[in-house]
Amino acid sequence: MSAPCLARGSPGRLALANVAADILNNLPLAELHCHLEATVEPDDARIFAKRNSIDISGVFNDQGDYHWRDFKEFLDTYDAVSEAIRTPQDYYELTLHYYTRMAARGVIYGEVFVSPEHAGKFGISYTALIDAVAAAMREAEAKSGIVGRIIVTCVRHFGSEHATATAQLAVDHPHPMVTGFGMAGDEAFGAAADYARAFDIARDAGLGLTAHAGEILGPESVHEAITLFHVDRIGHGVRILEDDALAAAVKDWGLTLEVCPTSNVAIGLYPSLERHPLPALVAAGLKVTLNADDPAYFDVDVADEYRKSAEIHGFERERLAGFTRTAIEAAFCDSKTKVELLTRLDRN
Ligand code: ADE
Ligand code: ZN
């Protein structure tokens, strides 16, 4: 793969980086919930679109940012932007770009959702996709120490047959950096039971499991993810406090929540970060991690999430370190890697 030539980021982002650096003071960070295609900033999407002769002008607003008005439109924009990413080289570049930036922001471990269904639409094979992403992760680790892993992800609104086929691809082509299977997309699409087979296939192969649930829909969706998919982690799950018994069960079973506050506010679940249930989830003793979800859409990264949680909810450094510890403990990587990451955390 050749060297990337993507945009370097805006001055605004650099200013934020300095503020966060003061508050976080070199605290190692970890992220479990981030969609790889959503790490592509609008400027880079335009570079990919031009390079691949694709017209995605309809996804931008007058300021040149991604445009959407509600969750469904967000998913449509996401799918459309993903169409500009057409080659393994594109995936290699965007992955290297993201991991390099996150390492500079203090992230020592990051899992990303990678969608073979998006990539496969334009002929990128599963193995070419995974090889490209893994090569970039390895390169980033060699340069900066950041450790990456891949969660192969199906997209619920693309249908259950695709979901099953995606899980089967992951199992038929095992790769040391593919350690999880997940489901993203429209949580309200189709019947959850139809997707259970995909999770069965992935679980039998030893992959860690996570599904978006309790983001758009309420506790019943989390309940389905637990009872039908037998997930290890819940993508979002922020609405479980609406059901005391479910929240208690999630706590007893030790399931980890991949909480993405800025995403939840941007999508319209909560009116502001101040009104987000993050402090209540923590106070309830649930296993909580902090994540950016779709950084290029919501103008946020995981370091911003840590900083904002300190600024808005008054979390101290020990609590912030707790988010990293919980993320490493719940990570879909081997135990030797976890011990090394926890050692790095404890050194700071
Ligand atoms: N795919 C990308 N971002 C997502 C989100 N926030 N929810 C569901 N699916 C997604
Ligand atoms: Zn997500």
Side-chain angles (χ1 to χ4, degrees), residues 31-42 45 59 65-85 94 98 110-119 121 149-160 162-163 166 180-190 192 195 198 208-218 221-222 224-225 229 231-239 256-270 273 276 278 288-302 304-305 327 330 332:
E31 181 169 54
L32 301 181
H33 187 123
C34 175
H35 300 262
L36 186 61
E37 299 85 1
T39 67
V40 179
E41 297 288 340
V59 305
D65 295 325
Y66 296 134
H67 172 74
W68 80 92
R69 282 167 301 193
D70 56 24
F71 181 63
K72 285 255 166 59
E73 236 180 71
F74 161 76
L75 291 177
D76 289 344
T77 299
Y78 184 101
D79 292 341
V81 172
S82 302
E83 299 202 354
I85 312 165
L94 71 92
Y98 184 63
E111 292 178 7
V112 277
F113 294 118
V114 177
S115 165
E117 293 167 40
H118 281 102
K121 260 192 190 175
R149 291 290 185 271
I150 297 167
I151 303 172
V152 166
T153 300
C154 64
V155 180
R156 185 153 171 170
H157 57 271
F158 290 173
S160 60
H162 286 291
T166 297
F181 178 76
M183 184 160 70
D186 185 356
E187 193 183 340
F189 183 92
Y195 296 83
L209 302 180
T210 177
H212 283 60
E215 178 189 22
I216 299 306
L217 300 183
S221 166
V222 176
E224 286 179 338
F229 308 156
V231 289
D232 304 294
R233 304 191 320 226
I234 299 161
H236 299 282
V238 284
R239 294 187 53 193
T256 297
L257 302 183
E258 303 158 3
V259 177
C260 313
T262 302
S263 163
N264 296 156
V265 172
I267 293 291
L269 267 61
Y270 304 102
L273 286 173
H276 191 279
L278 173 64
V288 171
T289 63
L290 286 182
N291 308 274
D293 203 4
D294 301 290
Y297 288 76
F298 307 141
D299 194 24
V300 71
D301 67 25
V302 65
D304 296 330
E305 293 291 6
F332 295 154

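Order of listing sets the numbers, starting from 1, for every ligand and every atom in it.
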Check for me: within less than 2.8 Å of the Zn ion (ligand 2), which protein N/O/S atoms show up?
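Protein N/O/S atoms under 2.8 Å of the Zn ion (ligand 2): His33 NE2, His35 NE2, His212 NE2, Asp293 OD1.
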Would you please indicate if the ring centroids of Phe229 and Tyr195 are separated by under 6.0 Å?
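Ring centroids of Phe229 and Tyr195 are no less than 6.0 Å from each other.
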His162, NE2 atom: more than 12 neighbouring heavy atoms under 6.0 Å
no
Identify, by atom number and element, the atoms of ligand 1 in contact range of Tyr78, meaning under 4.0 Å from any of its heavy atoms.
2 (C)
Below 4.0 angstrom from a heavy atom of Phe74, which ligand 1 atoms are there? Numbered from 1 as shown, please.
3 (N), 4 (C)
Looking at Asp301 and Asp304, would you say the former's side chain and the latter's main chain have a donor-acceptor pair under 3.5 Å?
yes
What I want to find out is whether Arg233 reaches Glu111 closely enough, with some N-O distance under 4.0 Å, to be called a salt bridge.
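Salt bridge between Arg233 and Glu111, a charged N being under 4.0 Å from a carboxylate O: yes.
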Salt-bridge criterion met for Glu83 and Lys121 (N-O under 4.0 Å):
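Judged by the 4.0 Å cut-off on N to carboxylate O distance, Glu83 and Lys121 do form a salt bridge.
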In Å, rounded to the nearest 0.5 Å, how long is the span from CD1 of Ile85 to CG of Leu94?
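Here the rounded value is 5.5 Å.
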About how many Å separate CG of Asp294 and OG of Ser263, when rounded to the nearest 0.5 Å?
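Between Ser263 OG and Asp294 CG, I get 5.5 Å after rounding to 0.5 Å.
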Among Gly235, Cys34, Gly185, Ala213, whose heavy atom sits nearest atom 8 (C) of ligand 1?
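Shortest heavy-atom distance from atom 8 (C) of ligand 1: Gly185.
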Side-chain H-bond candidate by donor/acceptor type, [X] with [Y], under 3.5 Å:
X: Asp186; Y: His212; answer: no
X: Glu258; Y: Thr289; answer: no
X: Thr262; Y: Asn264; answer: no

With heavy atoms under 4.0 Å as the rule, classify the contact between [X] and ligand 1 as side chain, backbone, both or neither.
X: Glu187; value: neither
X: Asp293; value: side chain
X: Phe113; value: neither

What residue and atom, counting heavy atoms only, is the protein's closest point to [atom], and at what distance?
atom: atom 5 (C) of ligand 1; answer: Glu215 OE2, 3.6 Å
atom: atom 1 (N) of ligand 1; answer: His35 CE1, 3.4 Å
atom: atom 2 (C) of ligand 1; answer: Asp294 OD1, 3.2 Å

So for Tyr297, does at least one of its heavy atoms come nearer than 4.0 angstrom to any atom of ligand 1?
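Not so, Tyr297 does not reach ligand 1.
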Please evaluate residues Phe71 and Tyr78 with respect to the criterion ring pair (Phe, Tyr, Trp, His ring centres under 6.0 Å), reporting the C-alpha separation (whole Å), side-chain torsions for both, the decisive distance (0.1 Å), and the verdict.
CA-CA 10 Å; Phe71 181 63; Tyr78 184 101; over 10 Å; no
